[in-house]
Number of protein chains: 2
Amino acid sequence: MINRSARDPAYQQLADLLRAEITSGRIPAGELLPFEGRLAQEHGLGRQTVRKALDVLRREGLVVTERGYGTRVVQQQEREKVPVPRGALIRIRMPSEAERAELGIEAGSVVPVAEVWLGGRLRGTYVGDRTDLTTS
Amino acid sequence: MINRSARDPAYQQLADLLRAEITSGRIPAGELLPFEGRLAQEHGLGRQTVRKALDVLRREGLVVTERGYGTRVVQQQEREKVPVPRGALIRIRMPSEAERAELGIEAGSVVPVAEVWLGGRLRGTYVGDRTDLTTS
DNA sequence: GGACATTTGTACGTATGTATC
DNA sequence: CGATACATACGTACAAATGTC
């Protein structure tokens with residue numbers, strides 16, 4: 001239940017509730033969340049407040065929203081191991097909009113990337129939710 | 001100028017304008033942006049729309065907002081080099097709210113973290129905007 | 001310490017646009 | 001085409017943090 005007099009804002013409380021549903025598996029990967037209007041009604045919130053809660057979960061990469069369709073729990077990605085040579089420098093950051101398109105990052109998801117530099121030159125950019133880097 | 005009939009939404013256009021001011025140095029690091037109400041008036045937008053534009057810049061790590069004070073252009077962070085031993089596995093992802101507090105990540109900024117695993121055990125968690133990993 | 005102005009944060013309602021089914 | 005559902009954008013109000021006097 002949302003407690004309006006709690007210190008945490010309502011949108012954060014709703015995000016916490018939904019995150020618990022997701023991480024516990026009660027809402028399995030691939031499943032749609034209730035649509036925004038329904039969440040608003042169920043919890044006695046405005047739709048903008050629900051959208052802020054969903055934004056929190058998108059930033060954590062837990063859900064992806066498709067316009068005109070709904071918000072679903074993301075499938076845990078198969079992770080590829082990428083070897084990093086010795087002497088490399090790895091920098092992690094958020095991608096720009098152009099990079100997202102280039103790297104095939106789904107719209108609505110919030111995923112970091114890793115740059116691997118060697119000898120002052122960029123050797124590769126890797127997407128966080130489907131790559132692990134290994135040092136050899 | 002904001003073009004209301006353009007394909008890009010108004011908040012994105014404002015974010016682009018402000019980003020250009022920042023990256024060009026016309027608004028130097030440490031400087032405050034005009035406050036939200038002023039930006040709204042200057043560009044003929046609602047305050048909520050201005051807030052969405054600022055959110056875009058916060059996600060890119062370009063600005064930081066302090067409640068009751070204002071939004072300022074961030075100082076370029078001093079980056080620490082963290083050596084990663086051979087045979088390690090590096091996983092990058094977004095931090096939870098609890099981790100953000102633990103790692104001292106400023107509220108309002110969107111920053112990834114890197115986990116370094118060695119021998120199946122977590123050896124460290126590093127914040128993306130102030131750390132580079134180096135392989136030895 | 002209090003009083004006050006300034007500024008950001010949260011939350012509501014409403015309307016309209018646009019993508020999907 | 002219509003129904004559904006998310007996206008953008010406006011206005012409004014009040015709460016909470018900050019800085020100043």
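In the text below, chain A, chain B and the rest are named by the order of the sequence lines, each starting its count at 1. Hydrogens, waters and symmetry mates play no part in the numbers below; they use all other heavy atoms, side chains included.
- Whole-Å rounding puts the B:Leu54 CG to C:dT7 C1' distance at 12 Å.
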(request) Take A:Arg59 and A:Asp55, measure what salt bridge (charged side-chain N to carboxylate O under 4.0 Å, His left out) needs, and give me the verdict at the end. (result) CA-CA 6 Å; A:Arg59 291 191 196 212; A:Asp55 202 43; 3.4 Å; yes
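- Remark: P of D:dA5 and CD of A:Glu36 are 10 Å apart, rounded to the nearest angstrom.
- Rounding to whole angstrom units, CD of residue B:Gln12 and C1' of D:dA9 are separated by 15 Å.
- Put simply, B:Arg51 has no side-chain N or O that comes within less than 4.0 Å of OP1 or OP2 on D:dG11.
- The terminal axes of the helix from C:dG2-D:dC21 to C:dC21-D:dG2, fitted over 5 pairs per end, subtend an angle of 20° to the nearest 10°.
- Here the closest non-hydrogen pair linking B:Ala10 and B:Leu45 is CB-CD2, 3.8 Å.
- Residue contacts for B:Arg4: at a heavy-atom cut-off of 4.0 Å it reaches the sugar-phosphate backbone alone, with no base atom in range.
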Are any protein N/O atoms closer than 3.5 Å to N/O atoms in nucleotides 16-21 of chain D? If there are, list each pair with its distance.
residue: D:dA16; atom: O4'; partner: B:Arg67; partner atom: NH2; Å: 2.5

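- The residue among A:Asp8 and A:Arg47 whose nearest nucleotide of DNA chain C lies closer to the 5′ end is A:Asp8.
- The shortest non-hydrogen separation linking A:Leu39 to A:Pro34 is CD1-O, 3.5 Å.
- A straight line from NE2 of B:His43 to P of D:dC10 spans 13 Å, rounded to a whole angstrom.
- In this structure, A:Phe35 atom CZ and D:dA3 atom C1' are separated by 12 Å, rounded to whole Å.
- Classification of A:Asp132 and B:Arg91 as a salt-bridged pair holds, one side-chain N sitting under 4.0 Å from a carboxylate O.
- Of the side-chain N and O atoms in B:Lys52, one or more sit less than 4.0 angstrom from OP1 or OP2 of D:dT8.
- Two residues are said to be in side-chain contact when any heavy atoms from C-beta on lie closer than 4.5 Å; A:Ile2 and A:Leu17 meet this criterion.
- The listed nucleotides are D:dT12, C:dT8, D:dC6; the one nearest the side chain of B:Thr71 is C:dT8.
- Taking a 6.0 Å sphere around CZ of B:Arg79, one finds it holds more than 12 heavy atoms contributed by other residues, nucleotides or ligands.
- Counting heavy-atom neighbours within 6.0 Å of A:Arg26 CZ, excluding the residue itself, gives a total above 12.
- Regarding A:Leu39, its CG atom lies at a distance of 12 Å from the C1' atom of D:dA5, rounded to whole Å.
- When heavy atoms are screened at a 4.0 angstrom cut-off, A:Arg38 is found touching no nucleic acid atom at all.
- Annotation: A:Gln41, atom CD; neighbour count of heavy atoms from other residues, nucleotides and ligands within 6.0 Å does not exceed 12.
- Atom P of nucleotide D:dT8 and atom CG of A:Asp55 are separated by 10 Å, given to the nearest angstrom.
- B:Pro85 and B:Ser136 make their closest contact through CA-OG, 4.3 Å (heavy atoms, listed as atom of the first residue, atom of the second, distance).
- For A:Thr49, the side-chain atoms get nearest to C:dA11 when compared with the rest of C:dA11, D:dA9, D:dA5.
- Nearest nucleotide to the A:Gln48 side chain, out of D:dA7, D:dT12, C:dG13: C:dG13.
- The salt bridge (Lys or Arg N to Asp or Glu O under 4.0 Å) analysis of residues 113-131 of chain B, with sequence neighbours excluded, yields the pairs B:Arg93-B:Glu115.
- Take the nearest nucleotide of DNA chain C for A:Ala10 and for B:Gly70: the residue whose nucleotide is more 5' is B:Gly70.
- The distance between atom CG of A:Leu33 and atom C1' of D:dA5, rounded to the nearest whole Å, is 13 Å.
- Considering only side-chain N and O atoms, B:Thr65 lies nowhere under 4.0 angstrom from the phosphate OP1 or OP2 of C:dG9.
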